[in-house]
Amino acid sequence: MEKLARFVIPAGIVLLVAGGIAYNIRPDLKAWMGSILLLGAIFILLGVYRSFGGIMVWLSRRSTITGLNVALMTMLVLAIIGLVEVISAKHNTRFDLTAGKRYSLADQTRKVVRGLTADVQVTAFFRADQAERRPAEDLLRQYADLSQRFHFEVVDPDRNPGRAKRYGITTYGTTILETKDKEEKISEVDEAHLTNGLVKLLREGKRTIYFLKGHGENELEDGSRNGYRQAKEAIEKANYQVKELLLLREREIPRDTSMLVISGPKRDLAESELQAMQAFVERGGKLLIQLDPYTAPSLKTFVARYGIAVGDDVVVDQYARTMGGDYLMPVVSNYYPHAITRNFTLASLFPFARSVDVAEKSPQGITAQRLGETGPGSWAESDKGELNRGQLSFEKGQDREGPVPVGAIATVQIKLSTAQGSEAGTAVTERGAIEGQAHEQPGMARLVVYGNSAFASNNFLNFSGNRDLFLNSISWLAEEEEMISIRPREAKNTPFILSATQGRLTFWLLIVVVPALFLVSGTSVVLGRRRSR
Amino acid sequence: MNVLAIFKREWRAYFASPIAYVVLTIFALISGYFFYSLFAFFSLSSLQATMNPTFGRGLNASEWIVRPLFRDIAITMLLLMPAATMRLFSEEKKTGTIELLFSYPIKDWELLLGKFLAALALYSTMLGISLLDIAILGSFATLEWGLILSGYLGLLLLGMAFLGLGILASSLTENQVVAAVGAFGILLLLWVIGWSTEAAGPTLGPILSHLSIINHYDSFAKGTIESRDVIFYLNFTFLCLFLTLRSLESKRWRG
């Protein structure tokens with residue numbers, strides 16, 4: 001019995017540890033773990049009770065007291081060191097010794113970050129092994145050092161697909177800046193993007209996007225397949241206010257409009273509306289026009305003025321069938337380089353679209369560009385009769401051969417005489433984006449035209465690249481001209497070329513001669529000592 | 001004065017045994033090789049840049065050679081430093097000379113500091129060898145002295161942390177191999193602990209990343225000095241030396 005009693009305390013400790021480990025592995029088996037822990041505790045108490053006298057003697061021994069003392073002291077030192085670490089990690093001072101201080105943030109950035117009045121959470125999505133991850137993390141840490149309100153996290157989208165999905169992340173390196181009620185997406189993590197993203201995020205007052213109505217346009221509140229509710233929600237999340245505009249009733253487009261969207265009108269626009277729109281463009285307005293086949297001929301003439309040619313046709317894509325659609329759902333996988341399509345890798349789907357191309361010759365002061373086109377095997381069918389009969393075939397000479405462009409942009413230089421508020425001139429531009437005065441100066445009018453409106457409907461918005469294409473178009477249109485410019489600081493170029501002799505000299509000196517010197521002197525000393533012994 | 005005497009005794013001991021020579025030779029060989037390959041690669045890249053101008057952007061000798069060189073040196077030190085510290089207390093324990101030292105009127109901390117400084121001196125000598133690389137590089141390209149200064153400061157602080165842990169391991173055992181392998185193992189673990197940051201989750205992750213001994217070094221290598229990194233290394237070294245003192249003391253009261 002006495003022998004057995006000796007094992008009571010160790011057995012109790014083993015049970016406690018085992019229970020703890022088991023709990024860590026299977027937290028769901030609580031009752032089971034609990035009983036093991038309880039049993040362990042009872043064993044220990046029992047053991048202590050039985051050998052109470054012995055323990056008291058051991059405790060009163062000098063070495064035990066000293067040992068406990070040392071343990072206590074060690075704990076204290078550990079606690080102090082831990083505290084110092086926590087404080088030093090939170091309050092960091094940094095000295096940049098590089099030439100040109102290339103690892104320091106610009107003054108504008110410091111001003112913006114130090115002035116944060118609300119908590120900002122930044123989530124950067126990088127693959128764990130991505131080369132850009134480290135520099136991005138470094139940069140974010142520098143921001144976080146400037147303000148307690150700046151929090152960041154770097155997340156691997158492959159390991160956290162749920163979070164990536166929630167923010168609609170489709171490319172590595174995409175970063176979300178968010179406050180409690182707003183969010184802003186940036187495509188690259190560098191100082192210019194990050195600081196400008198912050199400025200946009202913190203901008204007081206939302207900018208307003210008007211959706212034209214009164215001609216059978218897509219319904220913003222419609223939650224059905226063809227509705228635009230999801231698109232509206234996505235735009236609002238990106239920090240814009242979305243309103244509807246019945247232009248037939250108003251004389252002109254409201255002054256607070258940062259962008260007008262005309263999304264799939266079924267009936268034609270009135271002459272007065274077109275005039276209001278032209279006036280809007282002439283004062284630097286931004287327009288997003290989505291035209292479905294065989295609708296709104298007056299808009300076709302309207303955009304033609306800005307160098308964009310909308311075709312009277314339907315795009316047919318033979319290969320689209322393989323993706324589960326029918327012939328009339330062209331897939332756009334080839335994009336032209338532009339701010340809207342930068343870093344695009346995903347295809348987008350345009351169910352029932354017409355061709356949108358740039359005019360052969362752009363009017364003066366206008367630059368037009370295609371955005372994306374369908375693949376080979378597609379064509380633009382101009383015979384409406386064929387479409388109605390449901391028998392589509394490509395007729396050379398009559399139909400336009402693929403690839404067929406289905407989206408284009410135009411930037412329109414504003415004549416100073418027609419632009420209002422231009423007297424402020426360059427002074428306004430220089431004041432910078434922090435003041436958020438973008439709407440006061442005209443700059444350029446911008447148009448984005450797509451030959452289809454269904455691609456951003458509830459049914460198709462989340463299809464691979466559609467969402468990005470739609471939202472990027474909106475953010476390009478809304479882009480403030482005067483972003484804070486932060487020049488990227490790069491190390492100076494100091495290239496040199498070794499001659500063969502110099503290369504060999506370095507090799508022999510560093511890899512042979514110097515190590516050999518140490519080896520020889522070492523050997524002689526050790527041998528010398530051995531001999532003298 | 002006692003510290004100086006211990007320092008001299010240890011310094012002589014290093015060079016009387018093969019340890020110092022082996023460590024110096026291996027370091028010269030490895031760091032020389034690292035430098036040569038970086039140096040030759042940079043020269044090759046410069047040559048390619050002359051043919052393709054867009055490729056040559058940011059071809060900076062400090063970024064391409066000095067910064068990776070410092071990191072390579074840090075790895076080499078991770079391997080070599082446990083060998084330089086393994087015998088400091090283990091040998092004395094094994095041969096019994098430690099009893100003799102304890103009987104002298106020397107305080108424990110003086111003994112410890114003397115040994116630590118001797119090891120640090122050996123470490124600095126090794127760093128000194130790498131100055132030859134910098135000198136060679138300096139004859140080809142303009143150097144960024146700020147970056148070199150912060151790099152060496154970082155290496156020195158990192159080295160102190162390595163030595164501190166090595167000495168602690170040496171004070172815990174009388175077997176030199178156990179001391180070296182133990183120190184190396186723990187340093188390696190502290191080196192890679194930051195890798196599991198992602199998997200560890202949002203609370204434990206930052207702690208692991210903070211504990212990583214090399215994460216604190218990166219800022220020095222790129223030319224910036226951050227107060228939290230300096231404090232981390234000093235704290236780490238201090239903790240190791242403090243624990244070493246407690247371990248030396250325990251010999252007296254454990255009986």
Side-chain angles (χ1 to χ4, degrees), chain A residues 62-63 65-67 70-71 73-74 77-78 81-82 84-85 87-99 102-104 128 134 138 145 153-156 159 490-498 502-503 505-507 509-512 514-519 521-523 525-526 529, chain B residues 15-18 20-22 24-26 28-29 32-33 35-36 39-40 42-43 45-47 49-50 56-63 129 132-133 136 140-142 144 146-147 149-150 198 202 210 218-219 222-228 231-232 235 238-239 242-243 246 249-250 253-255:
Chain A
R62 221 187 114 101
S63 62
I65 292 172
T66 326
V70 169
M73 195 169 147
T74 310
V77 168
L78 264 177
I81 285 182
V84 171
E85 279 302 306
I87 294 171
S88 76
K90 290 247 155 77
H91 303 273
N92 187 42
T93 316
R94 192 185 155 93
F95 306 94
D96 190 345
L97 303 186
T98 51
R102 62 175 173 273
Y103 291 112
S104 297
R134 253 342 254 264
D138 274 0
D145 282 345
E153 198 182 340
V154 182
V155 173
D156 187 337
R159 289 190 201 174
E490 280 181 6
K492 220 169 62 188
N493 265 15
T494 55
F496 58 78
I497 296 166
L498 293 176
Q502 287 165 331
L505 186 73
T506 317
F507 178 86
L509 181 67
L510 290 180
I511 302 180
V512 180
V514 176
L517 277 178
F518 287 111
L519 190 68
S521 57
T523 318
V525 168
V526 172
R529 280 176 65 88
Chain B
F15 285 90
S17 72
Y21 300 102
V22 170
L24 287 171
T25 308
I26 297 291
L29 187 67
Y33 176 75
F35 175 76
Y36 176 75
F39 191 60
F42 185 79
S43 163
S45 300
S46 299
L47 188 70
T50 58
R57 270 182 63 231
L59 210 59
N60 177 279
S62 299
E63 290 282 331
I129 296 174
L132 185 62
D133 305 342
I136 291 175
F140 285 93
T142 38
E144 282 189 40
L147 189 144
L149 190 76
S150 78
E198 179 88 30
H210 185 85
D218 287 337
S219 57
K222 74 178 187 193
T224 58
I225 300 174
E226 305 212 13
S227 61
R228 68 171 142 232
I231 290 173
F232 174 83
N235 262 341
F238 173 77
L239 181 67
F242 172 81
L243 292 176
R246 299 288 85 81
E249 254 177 29
S250 73
W253 52 263
R254 271 208 328 236

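Proteins come first, then strands; the chains are lettered A, B, ... in the order of their sequence lines, and each starts at number 1.
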Heavy-atom proximity to chain B below 4.5 Å, by part of A:Ser521: both
Could you tell me if the ring centre of B:Phe42 sits under 6.0 Å from that of B:Phe35? no
Chain A contacts, top residue of B:Asp133, B:Leu132, B:Ile26, B:Leu29 (heavy-atom pairs, under 4.5 Å): B:Leu29
Do the rings of B:Phe15 and B:Tyr21 sit parallel, tilted or perpendicular, given the 30° and 60° boundaries? perpendicular
Heavy-atom pairs under 4.5 Å with chain B: which of A:Leu509, A:Thr506, A:Leu517 has the most? A:Thr506
If one checks every heavy atom of B:Leu47 against chain A at 4.5 Å, the contacting part turns out to be both
Chain A contact via B:Glu144 - side chain, backbone, both or neither, heavy atoms under 4.5 Å: side chain
Any idea which of B:Ala61, B:Ser17, B:Ala20 has the most non-hydrogen atom pairs under 4.5 angstrom with chain A? B:Ala61
Among B:Ile129, B:Val22, B:Thr142, B:Leu243, single out the residue with the greatest number of heavy-atom pairs under 4.5 Å to chain A. B:Ile129
Look at A:His91, A:Glu153, A:Gln502 and state which one has the largest set of heavy-atom pairs under 4.5 Å with chain B. A:Gln502
Taking every non-hydrogen pair under 4.5 Å, which of A:Thr93, A:Thr66, A:Leu519, A:Val84 racks up the most with chain B? A:Thr93
Side chains of A:Asn92 and B:Ser227, donor plus acceptor under 3.5 Å: yes
Backbone N/O of B:Ile231 and side chain of A:Ser88: donor-acceptor pair under 3.5 Å: no
Are side-chain heavy atoms of B:Asp218 and A:Asp138 found at a separation under 4.5 Å? no
If we only count heavy atoms from C-beta on, is the B:Phe242 to A:Met73 side-chain gap below 4.5 Å? yes
Which of A:Val77, A:Leu78, A:Val526 touches chain B most, by non-hydrogen pairs under 4.5 Å: A:Val77
Find the one option among A:Glu85, A:Arg529, A:Lys90 whose heavy-atom pairs under 4.5 Å with chain B are most numerous. A:Glu85
Which region of A:Arg102, side chain (C-beta onward) or backbone (N, CA, C, O), has a non-hydrogen atom less than 4.5 Å from a non-hydrogen atom of chain B, or is it both or neither? side chain
Least distance between heavy atoms, A:Ser104 atom then A:Asp96 atom: OG-OD2, 2.8 Å
Can you tell me which of A:Asp145, A:Thr523, A:Ile87, A:Val514 forms the most heavy-atom pairs within a distance under 4.5 Å of chain B? A:Asp145
Do the ring planes of B:Phe140 and B:Phe39 sit parallel (below 30°), tilted (30 to 60°) or perpendicular (above 60°)? perpendicular
Please flag which part of A:Leu505 lies under 4.5 Å from any non-hydrogen atom of chain B: side chain, backbone, both or neither. neither
When you measure from the centre of the six-membered ring of B:Phe232, is the NZ or CZ of B:Arg228 under 6.0 Å away and within 45° of the axis? no
